[in-house]
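Each remark here refers to the structure printed beneath this line.
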Amino acid sequence: MIRAIKGTRDILPPSTRVWNHVESVARRVMESYHYGEIRTPIFEETALFARGVGEETDIVSKEMYTFADRDETSITLRPENTASVIRAYIEHRLDQLPGLQKLYYIGPMFRRERPQKGRYRQFSQIGAEVIGSESPAVDAEVIEMVIEILSQSGLEGFHLVINSVGCKECRPKFLATLRERLQDLKGQLCQDCQRRSETNPLRVLDCKVPSDQPIIETLPSILDHLCEACSRHFAAVRTFLDDRGITYEVRPRLVRGLDYYTRTTFEVVHGALGAQNSVLGGGRYDGLAEALGSKVHSPGIGFSIGEDRLVMSVEEAHPKLRSETLDLFVAPMGDAALRHVTVLARELRREGISVEIAFEGKLKRAMETANKLNARYTLIVGDNEIAAGTYALKEMASGEQHPVTREQISERLYAGKH
RNA sequence: GUGGGUAUAGCUCAGUCGGUAGAGCGCUGGAUUGUGGUUCCAGAUGUCGAGGGUUCAAAUCCCUCUACCCACCCCA
């Protein structure tokens, strides 16, 4: 038997309803903030991600699906979408357009990691980017919008965490200080942290090993080492969030995995997701466009929601979203009735009523099916009905059945929908 | 890449001391020739993950492999 590739999966009807729900909420919210949708290719030149995401990141160094095209161009399935959006922004000179560029996307990403709960090799992200402003008011609006998407999707009990990681002026200085401190202390830390001290010192701050905590407490905080401009920026972001009544936790130890982040970074976590409890991550990337070859300074900020994880949580909180809805099940008896009903069903569907026809089988079987499909009404059409010029309409929940005219079908069905 | 767990019917799972493969749900038919849900009756469905070994006899014991799940790492 041929099975889906490891880390990929089929998403089937009861669940696809929830996916569509989440996506339509996200589109509606983002359109209301006047974002436009961008669709970039699923694969790009490998160099885009190497430069954009960062050679040293786990994503680039060990998680990409990379292969040689027939002309030997190195191609990579996109592991994230911000680099592609910025590439498109530069390629199409979107900086020449009036106002900010506010773009959103929904689609699959690919990373070759070991799968586990909430983590897949093909996964979907809902993301957005604002390019062309450094204003902290933009940061706050982006965060507000993503919170809006989560809550309107039906997610409850999530937790927003924010931080500032500084800019190209102050972050290197902080890193140097941190490395220096770790040189003296790392002997007392766990194995992982001894390694991180070399590879990614910021990660040490995020370590969860209890015995390391007292030492981590003594390490410097990035927030105390921000330059004047970054410090003012972060304070302003917080003020704008406070004005909106958005609750958040400032976590100086919050670290994001992509190299391009500057200043504001944020994350939303949710319990019941397993160990992979982050439902979205985002941040500012004021230097990314220039790193990718832009001649003009194009600061940006964005986020991406792990759609698989959001759907998982929403499904758990609202199992009803999975339930099927069928307005009318039609049970014809005999060939003449089937022909009659086929025409009728088409009319009703054009009126916006969902209709399913029992193409074969006895009436009893049709009734059983109608019940299993949770149909609101069943319409029975046989020789008696055709002769009388009426239909037998049965309301499944009450069991009540009445003869109705053609017009009354639409009236009854439409009445219940609104 | 590393560690742990699991693998028996379509699904969820039981299977004792090694002795003919089980339940619930679902599915099919009937009780009811044109009426669902509840009930009752009957029925179908298995490479017991794969390969090898021990044994008169293996779902069960041993070895190897594979797949999936969870966790580490890391991230969405």
Side-chain angles (χ1 to χ4, degrees), chain A residues 1-9 53 56-63 78-82 106-127 146 150 190-193 195-196 199-200 202-203 206-209 254-258 261 265-270 273-283 302-313 329 331-334 337 358 361-386 391-401:
Chain A
M1 182 173 57
I2 298 178
R3 306 170 48 102
I5 301 271
K6 182 201 287 287
T8 73
R9 59 197 180 133
V53 178
E56 301 308 312
T57 60
D58 279 17
I59 291 175
V60 171
S61 64
K62 57 187 189 197
E63 295 172 2
R78 63 186 189 190
E80 59 100 53
N81 206 27
T82 301
I106 299 176
M109 310 295 158
F110 306 84
R111 294 182 198 172
R112 201 182 183 292
E113 297 179 88
R114 193 77 174 264
Q116 69 186 78
K117 188 178 175 69
R119 190 167 74 187
Y120 307 96
R121 290 182 172 185
Q122 174 177 337
F123 60 101
S124 184
Q125 291 189 332
I126 300 173
V146 77
L150 298 185
C190 69
Q191 289 292 317
D192 282 336
C193 282
R195 176 177 50 76
R196 291 180 185 125
T199 58
N200 192 347
L202 287 175
R203 281 256 156 250
D206 206 29
C207 177
K208 283 133 201 146
V209 176
L254 173 66
V255 177
R256 309 260 74 240
L258 289 70
Y261 284 124
T265 59
F266 55 95
E267 177 173 313
V268 170
V269 296
H270 184 70
L273 274 176
Q276 308 303 315
N277 65 350
S278 168
V279 73
L280 75 89
F303 64 81
S304 69
I305 299 171
E307 190 177 2
D308 303 71
R309 294 179 187 176
L310 177 57
V311 166
M312 192 191 309
S313 309
F329 192 82
M333 287 179 294
K362 298 174 184 172
L363 179 60
K364 176 183 165 58
R365 179 106 179 86
M367 295 305 297
E368 286 171 355
T369 305
N371 189 55
K372 283 169 194 159
L373 296 183
N374 202 21
R376 286 170 54 220
Y377 289 93
T378 299
L379 191 73
I380 299 161
V381 184
D383 294 341
N384 298 347
E385 284 73 21
I386 291 176
Y391 303 88
L393 184 65
K394 181 165 188 172
E395 185 180 27
M396 297 304 281
S398 64
E400 282 182 39
Q401 181 174 324

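Chain letters run A, B, ... following the sequence lines, proteins first and then strands; every chain starts at 1. When reading the values below, keep in mind they use all heavy atoms of this one structure, side chains included, and skip hydrogens, waters and symmetry mates.
Rounded to whole angstrom, the span from the CG atom of A:Asp58 across to the C1' atom of B:A76 amounts to 14 Å. Note: CD1 (A:Ile59) to C1' (B:C73) measures 14 Å, nearest angstrom. Atom-to-atom, CG of A:Leu273 to P of B:C74 comes out at 19 Å; the value is rounded to the nearest Å. Between A:Leu202 atom CG and B:C74 atom C1' there is a gap of 15 Å when expressed in whole angstrom units. Atom CD in A:Glu113 sits about 6 Å away from atom C1' in B:C74, given to the nearest Å. A:Met367 places its CE atom 9 Å from the P atom of B:U35, with the value rounded to the nearest Å. B:U33 atom P lies 10 Å from atom NZ of A:Lys364, rounded to whole Å. The distance from atom CD of A:Glu395 to atom C1' of B:U35 is 15 Å, rounded to the nearest whole Å.
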Evaluation steps, side-chain contact (heavy atoms from CB on, under 4.5 Å), between A:Leu280 and A:Phe266: CA-CA 8 Å; A:Leu280 75 89; A:Phe266 55 95; 3.8 Å; yes
Stepwise side-chain contact (heavy atoms from CB on, under 4.5 Å) test for A:Arg309 and A:Arg119: CA-CA 8 Å; A:Arg309 294 179 187 176; A:Arg119 190 167 74 187; 4.2 Å; yes
Derivation and outcome, side-chain contact (heavy atoms from CB on, under 4.5 Å), residues A:Arg9 and A:Asp308: CA-CA 11 Å; A:Arg9 59 197 180 133; A:Asp308 303 71; 2.5 Å; yes
CA sep, side-chain torsions, deciding dist, call: A:Met367, A:Asn371, side-chain contact (heavy atoms from CB on, under 4.5 Å): CA-CA 6 Å; A:Met367 295 305 297; A:Asn371 189 55; over 6 Å; no
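Under a 3.5 Å cut-off, the side chain of A:Ser124 and the backbone N or O of A:Gly107 do form a donor-acceptor pair. Under the 3.5 Å distance criterion, the side-chain polar atoms of A:Arg78 are matched with a main-chain donor or acceptor of A:Pro108. Remark: side-chain polar atoms of A:Arg121 are not paired, donor with acceptor, to backbone N or O of A:Phe110 under 3.5 angstrom. At least one donor-acceptor pair closer than 3.5 Å links the side chain of A:Arg111 to the backbone N or O of A:Pro79.
When distances run from any side-chain atom of A:Asn371 to the nucleotides B:U28, B:G34, B:G36, the shortest one goes to B:G36. For A:Gln276, the listed nucleotide lying nearest its side chain is B:C73; candidates were B:C73, B:U35, B:G30.
Dashed line: the shortest gap from a side-chain N or O of A:Lys372 to OP1 or OP2 of B:C25 is not under 4.0 Å.
Using a 4.0 Å heavy-atom cutoff across all strands shown, A:Gln401 reaches at least one base atom of the nucleic acid. In this structure, A:Arg112 reaches neither bases nor backbone, as no heavy-atom distance under 4.0 Å exists between it and the strands shown. Within the 4.0 angstrom heavy-atom criterion, no nucleotide atom of any strand lies near A:Ala358. Using a 4.0 Å heavy-atom distance criterion, A:Gln122 is classed as making no nucleic acid contact. Using a 4.0 Å heavy-atom criterion, one finds that A:Leu280 contacts the sugar-phosphate atoms exclusively. Within the 4.0 angstrom heavy-atom criterion, no nucleotide atom of any strand lies near A:Gly127.
Comparing A:Glu307 and A:Val381 by the nucleotide of RNA chain B that holds the closest heavy atom to each, the one mapping nearer the 5' end is A:Val381. RNA chain B is contacted by both A:Met333 and A:Gly281; A:Met333 maps to the nucleotide lying nearer its 5′ end (nearest heavy atom per residue).
Across every non-hydrogen atom of A:Ile386 and A:Ala337, the tightest pair is CD1-CA, 3.9 Å. Nearest heavy atom pair, residue A:Ala392 against residue A:Gln401, reads CB-NE2, 3.5 Å. Between A:Phe329 and A:Ala375 the shortest heavy-atom distance is CB-CB, 3.9 Å. Smallest separation of non-hydrogen atoms from A:Ala358 and A:Ala331: CB-CA, 4.4 Å.
As the counterpart of B:G29, B:C41 is assigned, both hydrogen-bonding distances of the Watson-Crick or G-U wobble pattern falling under 3.5 Å. Remark: B:C48 base-pairs with no nucleotide; criterion is Watson-Crick or G-U wobble with both hydrogen-bond distances under 3.5 Å. The nucleotide B:C72 finds its pairing partner in B:G1, both defining distances of the Watson-Crick or G-U wobble pair being shorter than 3.5 Å. When both pairing distances are held under 3.5 Å, B:A7 makes a Watson-Crick or G-U pair with B:U66.
When the P atom is compared between B:U64 and B:C11, the two are found 29 Å apart, to the nearest whole Å. Using atom P as the reference point in both B:U6 and B:U16, the two lie 15 Å apart (nearest Å). Across the P atoms, B:G37 and B:U45 are found 26 Å apart, a figure rounded to whole Å. Using P as the reference atom, B:C13 and B:C72 are 23 Å apart when rounded to the nearest Å. Nucleotides B:C73 and B:U66, compared at atom C1', are 24 Å apart to the nearest Å. B:U28 and B:A44: their C1' atoms are spaced 7 Å apart (whole Å). Across the P atoms, B:C65 and B:G3 are found 12 Å apart, a figure rounded to whole Å. B:U54 and B:U60 have their C1' atoms separated by 13 Å, given to the nearest Å.
A donor N or O paired with an acceptor N or O is found under 3.5 Å between the base of B:G34 and the side-chain atoms of A:Asn384. For A:Lys394 and B:U35, a side-chain-to-base donor-acceptor distance below 3.5 Å is present, hydrogens and geometry of angles not being considered. In terms of polar N and O atoms assigned as donor or acceptor, the side chain of A:Arg111 never comes within less than 3.5 Å of the base of B:C74 in a complementary pairing.
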Review item, nucleotides 64-69 of chain B N/O atoms under 3.5 Å of protein N/O:
unit_1	atom_1	unit_2	atom_2	d
B:C68	OP2	A:Lys6	NZ	2.7

Can you pull every protein N or O that's under 3.5 Å from an N or O on nucleotides 38-40 of chain B?
none

